[in-house]
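Data block below; observations after.
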Amino acid sequence: MPELPEAETIARSLSPHLVGRRIEAAAYPGQRVLRGKPAPDISGRQFVSIERFGKQLLLRLDGDTLILVKLGMTGALLLDAAPDAYTRAGFTLDSGSRLLFRDTRQFGSLNFLAGEPTGLGPDPFELSAAAFAQRLRAKQTRLKVTLLNQQFLRGLGNIYVDEALHRAGLHPLARASRLTAGRAEALHTAIVELLTHAIAERGSSISDYVDGSGARGNFQNFHRVYGREGQPCLHCGEPIVRLVVAQRGTHYCPACQTR
DNA sequence: TGCCATGTTAATGC
DNA sequence: TGCATTAACATGGC
């Protein structure tokens with residue numbers, strides 16, 4: 001559910017309420033959210049920072065403990081929400097507030113790390129257009145698959161991949177390595193501008209995404225292809241087509257997006 | 001009832 | 001070997 005703009009919005013909404021606060025107690029109802037791994041005792045620990053890492057959240061505690069929160073499809077971090085049957089973790093704070101991790105489908109997880117997270121590709125904002133183009137050149141996979149790959153680039157999910165490809169005028173099934181340098185750099189520009197706009201609108205709320213205070217995002221009103229199958233392309237009027245690529249619904253304009 | 005869903009990963013097929 | 005597809009995870013909405 002949450003992709004980079006949603007994770008960024010969650011981090012920004014939680015940060016002022018969490019940084020400097022101490023954890024008095026932690027609970028993990030059902031334990032599944034821990035994926036069989038033991039949770040260290042974090043009572044007494046203080047939040048140092050709340051950061052976005054790709055589409056995940058990184059909660060830094062003093063004493064060099066990190067909690068990497070994978071939101072999966074339906075995960076949410078909520079401050080002072082009422083616990084329900086889908087509450088998978090709860091942290092009681094010295095401020096009297098309570099941070100909950102709510103996750104209906106249970107694809108999300110909490111991961112306690114002793115060091116920096118590894119294994120994911122660069123952040124879109126920290127990569128130059130030239131470096132992005134160079135990485136693309138090495139990939140034989142289709143653009144849709146390449147951009148969804150978190151090892152290639154961290155933070156894009158199904159919505160923003162479709163939106164970025166439309167804005168760049170590129171077909172989702174085009175081979176990454178076949179793009180000219182100019183088109184590859186234009187794709188990077190489209191991604192950065194798209195994510196910047198989406199963050200400014202506090203992310204996309206399609207079904208149930210909300211930030212840490214329970215507020216919905218507004219960027220769904222700016223989607224040009226995602227969820228618009230059969231509706232006219234906002235650029236040329238041609239009906240938006242939906243196909244399935246890597247088992248993900250893929251939306252594009254057959255007239256504007258060339259292969 | 002059947003299909004769909006903002007994610008990730010293992011298994012299988014070509 | 002490399003890439004594409006399928007299945008699986010768990011649950012709710014339409």
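Treat the numbers as computed from the prediction; the structure is a model and nothing was measured. A note on names: the letters A, B, ... follow the listed sequences, proteins ahead of strands, and every chain is numbered from 1.
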* **More than 12 heavy atoms of other groups within 6.0 Å of A/D64 CG** => no
* **Any A/R35 side-chain nitrogen or oxygen under 4.0 Å from OP1 or OP2 of B/dT8** => no
* **Watson-Crick and G-U pairing of DNA chain C, under 3.5 Å, as dot-bracket with | and [ ]** => .||||||||.||||
* Over all heavy atoms of both residues, which pair between A/L14 and A/G212 is shortest? Give the atoms and the distance, please. => CD2-CA, 3.7 Å
* Is there a side-chain polar atom (N or O) of A/K55 under 4.0 Å from OP1 or OP2 of B/dG7? -> yes
* Going by the angle between their ring planes, with limits at 30° and 60°, are A/H197 and A/F219 parallel, tilted or perpendicular? -> perpendicular
* Structure fact -> Whichever of A/G249 and A/Q56 has the more 5' nearest nucleotide on DNA chain B, that residue is A/G249
* May I have the distance from A/N149 (atom CG) to B/dG7 (atom P), rounded to whole angstrom? => 13 Å
* Atom CZ of A/R178 with >12 non-hydrogen neighbours under 6.0 angstrom -> no
* Structure fact -> Per side chain to side chain contact (heavy atoms under 4.5 Å, CB included), A/F91 is matched among A/L18, A/I42, A/L100 by A/I42
* Asked: How far apart are the closest heavy atoms of A/H223 and A/S204, and which atoms are they?
  -> NE2-OG, 2.8 Å
* **Rounded interatomic separation in angstrom, taking CE from A/M73 and P from B/dA5** => 8 Å
* Asked: What closest approach, in Å, do A/L165 and A/L143 show between heavy atoms, and which atom pair accounts for it?
  -> CD2-CD1, 3.9 Å
* Mark up nucleotides 1-7 of chain C, 5' to 3', with B wherever a protein heavy atom is under 4.0 angstrom from a base atom, S wherever such an atom reaches only the sugar-phosphate, and - elsewhere. => --SS-BB
* Just how far, in rounded Å, is P of C/dT11 from CZ of A/R88? -> 7 Å
* Structure fact -> In whole angstroms, the gap separating P of B/dG7 from CZ of A/F53 amounts to 17 Å
* Would you classify A/R32 as touching base, sugar-phosphate or nothing, given that sugar-phosphate means primed atoms plus P, OP1 and OP2, and contacts are heavy atoms under 4.0 Å? => sugar-phosphate
* Take the protein atom CG of A/L71 and the nucleotide atom P of B/dT8, then report the distance between them rounded to whole Å. => 10 Å
* List, by chain and then residue number, the residues other than A/V225 in its hydrophobic cluster (Ile/Leu/Val/Met/Phe/Trp/Tyr, side-chain heavy atoms under 4.5 Å); write none if there are no others. => A/I240
* To do: Give the intermediate values and the outcome of side-chain hydrogen bond (donor to acceptor under 3.5 Å, both in side chains) for residues A/D84 and A/T87.
  => CA-CA 6 Å; A/D84 62 15; A/T87 302; 3.3 Å; yes
* Which whole-number value in Å describes the distance from A/D162 CG to B/dA5 P? -> 11 Å
* For A/R142, check salt bridge (Lys or Arg N to Asp or Glu O under 4.0 Å) against everything at least two apart and list the hits. => none
* For A/G54 and A/A7, which heavy atoms make the closest approach, and how far apart are they? -> O-CB, 4.0 Å
* To do: Whole angstrom is fine here: how far is it from CD1 in A/I206 over to C1' in B/dC4?
  => 13 Å
* Asked: Are A/F107 and the base of C/dC9 stacked, counting only ring centres nearer than 5.5 Å and planes tilted under 30°?
  -> yes
* Under 6.0 Å from the six-membered ring centre of A/F53 and within 45° of its axis: does the NZ or CZ of A/R154 meet both? -> yes
* Asked: Between B/dG7 atom C1' and A/Q151 atom CD, what is the distance in whole Å?
  -> 12 Å
* Rounding to the closest angstrom, what is the interatomic distance between C/dT1 and B/dT9 at atom P? -> 22 Å
* Using heavy atoms and a sub-4.0 Å distance, could you list which residues of residues 221-234 of chain A are near DNA chain C? By number, please. => none
* Using the ring of A/F152 (Phe, Tyr or Trp, six-membered ring only), decide whether A/R135 places NZ or CZ under 6.0 Å from its centre and within 45 degrees of its axis. => yes
* Any donor-acceptor N/O pair, A/Y209 side chain to A/E6 backbone, under 3.5 Å -> yes
* When you measure from every atom of DNA chain C, which of residues 189-198 of chain A have a heavy atom less than 4.0 Å away? -> none
